[in-house]
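Protein chains get the first letters and strands the later ones, always in sequence-line order, with residue 1 at the start of each. As a basis for the values below, the full set of heavy atoms in this structure was taken, side chains included, without hydrogen atoms, waters or symmetry mates. Everything quoted here is computed from the prediction, not taken from an experiment.
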2 protein chains.
Amino acid sequence: MPQHLIRKLEHFARLSYDDRHALEEAARQRGRLFDAHQDIIREGDAPDHVNLILEGWACRYKTLEDGRRQIISFFLPGDLCDPHVFVLREMDHSISTITHVRLAEISRDTLLSLTERHPRITQALWWEMLVAAAVQQEWTVNLGQRTGLERIGHLLCELFIRLRGVGLTNGNSCILPVTQMDLGDATGLSNVHVNRVLQEMRISGLVVLKGKHLTVPDLEALQRVSLFNVNYLHLDREGRHLDANGSEQPPQDSAAATPERC
Amino acid sequence: MPQHLIRKLEHFARLSYDDRHALEEAARQRGRLFDAHQDIIREGDAPDHVNLILEGWACRYKTLEDGRRQIISFFLPGDLCDPHVFVLREMDHSISTITHVRLAEISRDTLLSLTERHPRITQALWWEMLVAAAVQQEWTVNLGQRTGLERIGHLLCELFIRLRGVGLTNGNSCILPVTQMDLGDATGLSNVHVNRVLQEMRISGLVVLKGKHLTVPDLEALQRVSLFNVNYLHLDREGRHLDANGSEQPPQDSAAATPERC
DNA sequence: GAGAGAACTTCACCTGTGTGAATACGTGGT
DNA sequence: ACCACGTATTCACACAGGTGAAGTTCTCTC
């Protein structure tokens, strides 16, 4: 079930059959379904489990008193919302769905036993957390220094590459289920300006965006105009084979190659 | 030596005498001194230890190809730069000093044994990491949604409260050793605009800023105009006594009150 | 305590992005 | 097949904040 999570973690660590089985077990417990635009957790709630997105998109956001809203991060299939939040007494922000979402609630105990018994998973979850932090830092740069076009271009690059990492792209294309307002709330731009920028990107052929379908004819070009540097996604596992574009080769089954467990 | 770190961690956990002693030991090894404006770690370096700031200020930053620079976070005395970075193969950003800095390099092994033997410290370090992540998220909101005045006001509130948490304020005042350019690089504003905003804040009496001395006559007022909500700093340890302003009572020695160790 | 460089301040002018509103388009529900 | 509402598009105008440059004031250092 949690193919996306497993696929993502394998960017970093070679998981054994056992590891993968344990992740599957963890994801099987307490599944939940949400419609689009529902809050999953609200500011002030006391977190007592971790949400693993199995299907659909969600986002973390904060709202200011006067209604201004900032999307702080996007959650894609395979993403864990805050491993170890339970350390904090209450949430300082909310998480809501963007599309229809299927997720697994993973209890504190499950997560604990998972990490105790599977050092590879522990390592991989550390990597996942640090990459999430690096993404947040890159967003800081995005909002602080980049122009409107660069911001949106950068965000599209990031989302496309993250989607590719969990197998949710199809050649140059993917599904982008966010409205222009969402893009604005994530990039600190007004919906009007997001629209202007998208028109510009369409005209210059950087993106093809129709409904919820995004095509990026030339990802390198988009990266170039957005000053996008992949490093921060830390996709560079030692010994992994990348093609010229940084996309991974068809995954070979690594169970045989990694007999050691724990 | 690491009084600031200990004082900060005690916002979250009651540390035993042993815990504190272990932290002191860890901070004693491999001390280093830096002048102002020196890089501590550079993008591309492979991290193999964690830096604990004992004295002085530092910052994490990224530079775009064309020279634009974004300060991503400030490190104050008592701050740990990225516990567990060693999981990543190389740094995707740099850290440099702002003032003269004294720090301790804590090796991977030291940190491991520290957390293995001291569950309280482990918990407290988790809290520290999660708060750092929450700060980063709040910066995302700051850069994405707030006006110039709100951004700078918010940053000043955050720094003042963090300094207070490690005992580096004196009533309404503290030392703020950053230039207006640094403030601009942190808030995504030009130095000229930072200056405009500071003048405005001076005129309205929100801050008194002379040289490196900052006084905030009315912190609540500054928080109000900056839409600052302390929640994200998670200073609310169960059972801790706060006065009306959220500043802590003089620290009572908690060793006697917490006989349990480990 | 004089000189030099960094930091701060102010100015005039410019532009990227926001605002509010009107219009057009899409798509799901009945 | 139609209605309705969310979404996208476009326009005209306003303004927050950027730019470049010219002082001015600190604050070191010798």
Please enumerate all residues that pass ring pair (Phe, Tyr, Trp, His ring centres under 6.0 Å) together with [X], with sequence neighbours excluded.
X       : answer
A/Phe75 : none
B/Tyr61 : none
B/Phe34 : none

### Query
Are any non-hydrogen side-chain atoms of B/Val207 and B/Leu156 less than 4.5 angstrom apart?
yes
### Task
Please examine the side chains of A/Ile6 and A/Glu24, heavy atoms only from C-beta on, and report whether any two atoms are closer than 4.5 Å.
yes
### Message
Can you pull out the residues from residues 60-69 of chain B that lie within a 4.0 Å heavy-atom distance of DNA chain C?
### Response
none
#### Entry: Modelled atom types, side-chain donor and acceptor of A/Gln70 and B/Thr140, under 3.5 Å
no
Rounded to whole Å, how long is the line connecting atom [atom1] of [X] with atom [atom2] of [N]?
X        : N      : atom1 : atom2 : value
A/Gln145 : C/dT17 : CD    : P     : 13 Å
B/His100 : D/dC28 : NE2   : C1'   : 16 Å
B/Leu176 : C/dC8  : CG    : P     : 10 Å
B/Lys210 : C/dT9  : NZ    : C1'   : 15 Å

Could you give the side-chain donor-acceptor pairs of residues 198-205 of chain A under 3.5 Å, partners two or more places apart or in another chain?
| unit_1 | atom_1 | unit_2 | atom_2 | d |
| --- | --- | --- | --- | --- |
| A/Gln199 | NE2 | A/Asn195 | OD1 | 3.4 |
| A/Arg202 | NH1 | A/Leu209 | O | 2.7 |
| A/Ser204 | OG | A/Glu200 | O | 3.1 |
| A/Ser204 | OG | A/Met201 | O | 3.4 |

### Message
Treating primed atoms plus P, OP1 and OP2 as sugar-phosphate and everything else as base, which nucleotides of nucleotides 1-20 of chain D get B, S or - for protein heavy atoms under 4.0 Å?
### Response
------SSSBBB----BBBB
### Query
Got a salt bridge between A/Lys62 and A/Glu43, using NZ or NE/NH1/NH2 to carboxylate O under 4.0 Å?
no
